[in-house]
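Just follow the structure's listing: the first ligand is 1, and inside any ligand the first atom is 1.
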Amino acid sequence: MQNTLTICTTGFNDQKPGTSGLRKRVPVFQQPHYLANFVQSIFDSISPPPGATLVLGGDGRYYNREAIQIILKMAAANGFSRVLVGQGGILSTPAASCVIRKYATFGGIILSASHNPGGPEGDFGIKYNTANGGPAPEKITEAIFDLSKKITQYQLVDAPDVALDTLGDYSVGSMIVSVIDPVADYAELMASLFDFDAIRGLFASGFRIKFDAMHAVNGPYAREIFIKRLGATEDSIINCVPLPDFGNGHPDPNLTYAHELVEILYGENAPDFGAASDGDGDRNMILGRHFFVNPSDSLAILTANATRVPGYSSGIAGVARSMPTSAAVDRVAKELAIPCFETPTGWKFFGNLMDAGKVTLCGEESFGTGSDHIREKDGLWAVLFWLNVIAARNQSVETITREHWAHFGRNVYSRHDFEAIPAEAANGVMQHLKNNFASLPGQKIGSYTVAVCDDFSYTDPVDGSVSSGQGLRVLFTDGSRIVFRLSGTGTEGATIRIYLEAYDPNVENHHLDAQEALAELIRIAGQLSELEARTGRVQPTVIT
Ligand code: G1P
Ligand code: ZN
């Protein structure tokens with residue numbers, strides 16, 4: 001028998017899940033009842049049937065362990081019969097998705113603020129994933145938000161903390177908690193998709209890699225896969241000890257925040273291949289020697305080379321990309337004669353397409369790439385995919401990318417982020433753009449002519465649900481475009497993202513730096529948005 005306690009509480013008004021779950025500063029989550037209210041709202045919105053199993057784990061950031069203990073006691077009080085929790089409270093986001101699917105559980109709770117910084121003053125986050133292993137769709141996240149405003153009580157059992165560091169089964173009230181190896185199931189899945197012998201051979205032939213886990217969750221996964229299973233040398237991995245504050249870093253694998261890796265790959269005697277992943281292990285950045293692969297190009301290149309990889313050798317059903325992601329993959333899909341879907345930003349929109357078998361590979365410009373092997377983006381998966389393609393083609397990252405551009409043309413692409421802008425000013429920029437939308441089509445601006453302006457809206461082809469207000473698009477007659485969007489993952493002020501894309505069929509130009517090639521579009525984006533006048537910002541905080 002278990003001793004269930006009912007705790008009286010009142011709702012908070014700010015627990016609206018964003019692009020990927022609820023993210024707030026750690027001190028916000030540490031307020032009395034804050035986490036428990038949200039967790040109870042999740043459980044009330046999903047009503048777990050008797051006997052249900054939950055998966056639970058996080059990226060190890062500050063407050064992870066405390067949160068796990070609270071959630072375990074609440075899961076027991078809310079009728080779960082079993083929870084699978086990663087040892088030490090650790091599960092990367094892709095590993096959590098893998099475990100939910102492999103053991104056919106009811107769902108999972110993932111504790112992470114992804115690429116946001118951690119530590120006592122950093123960010124924390126929580127999200128719910130459904131039985132398919134993917135982020136809950138909007139109808140569930142909206143129900144959670146509604147309940148979180150009205151909540152009056154939550155339940156938890158009175159039980160001691162679970163020894164999270166030791167594998168094995170424990171009781172919390174009448175519920176069983178199984179502390180599982182967080183790496184094993186995931187590593188096995190990777191070995192089933194990729195030609196590990198070929199990659200081992202590549203490493204044995206002297207091909208040198210550098211993988212940067214950024215002191216985040218993927219450290220133990222990288223050690224198991226690259227060092228133990230693929231025979232890479234010890235110096236192939238860096239920053240592989242996970243730390244609750246990510247070593248004071250910003251665990252976002254891009255050219256700005258993964259500068260340690262970037263300096264190595266652009267330095268003297270650079271390795272052949274570099275890669276990094278983010279706080280919860282679902283993002284990836286791919287580098288060659290002195291070479292950066294844009295994530296939109298990466299999705300296109302993996303799609304074009306998929307049949308060289310055992311897990312995809314029989315071909316792919318279709319591809320999907322988020323709207324702001326470049327159309328490079330569309331060109332590959334066209335040649336392969338497979339469908340290509342354009343979805344709103346956020347991985348949750350890919351789930352239905354994959355469940356329905358319409359899509360095999362998908363990706364986002366924000367360093368997210370993945371496939372239907374799970375229902376989250378997957379950082380190490382992308383790295384292994386590239387290594388498998390390199391082993392099969394016996395060519396460098398740069399040669400593979402340049403040959404791709406030579407064949408398909410190049411969608412020159414960049415994203416400019418303007419972070420921590422006062423919400424009012426940011427909304428003013430968006431409103432100003434919208435106000436001018438009616439008059440822009442047909443206008444010639446510099447060497448570009450505006451074709452269409454709209455606010456992107458998506459109708460899910462599987463369940464018919466409509467998601468509107470997903471980003472302002474200015475489409476030019478030559479296929480170039482500028483997209484303006486407000487971030488849905490930040491915790492401080494607003495972040496304006498400007499996505500710039502121009503198609504260039506001419507191989508001769510492909511030595512050009514993206515910023516140079518996009519210079520005119522960058523100027524037009526500033527002119528149309530009045531960004532500088534309205535926000536005082538001239539330079540982006542981050543350029544990717
Ligand atoms: C950002 C990215 C988006 C990604 C999300 C979660 O969301 O832009 O592609 O799915 O993080 O990793 P945003 O802050 O733009 O809402
Ligand atoms: Zn992430």
Between [Y] and [X], is there a side-chain heavy-atom distance shorter than 4.5 Å?
X	Y	result
V389	V309	yes
I496	R537	no
D59	F246	yes
L384	F226	yes

Could you tell me whether [X] and [Y] make a salt bridge, using a distance below 4.0 angstrom between a side-chain N and a carboxylate O?
X	Y	value
D123	R25	yes
R375	D355	yes
E364	R497	no

Inset, instruction - Answer side chain, backbone, both or neither: which part of S487 comes under 4.0 Å from ligand 1, heavy atoms only. - result: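 For S487, the contact with ligand 1 is made by both the backbone and the side chain.
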Legend entry - Structural part of E376 in contact with ligand 1, heavy atom criterion under 4.0 angstrom: neither
So for ligand 1, is [X] a polar contact partner (N or O within less than 3.5 Å, distance only)?
X	answer
R283	yes
R485	yes
L486	no
R497	yes
S114	no
R23	no

Legend entry - For Y186, the option from I225, L91, D181 that meets side chain to side chain contact (heavy atoms under 4.5 Å, CB included): I225
If you count the atoms of ligand 1 from 1 in the order shown, which ones are under 4.0 Å from a heavy atom of [X]?
X	answer
S366	2 (C), 3 (C), 4 (C), 8 (O), 9 (O)
G488	13 (P), 14 (O), 16 (O)
G346	10 (O)
R415	8 (O)

Inset, instruction - Return yes if some donor-acceptor pair links the side-chain N/O of R481 with the main-chain N/O of P324 below 3.5 Å, else return no. - result: yes
Legend entry - Protein N/O/S count near the Zn ion (ligand 2) (criterion: distance under 2.8 Å):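 Considering protein N, O and S only, the Zn ion (ligand 2) has 4 within range.
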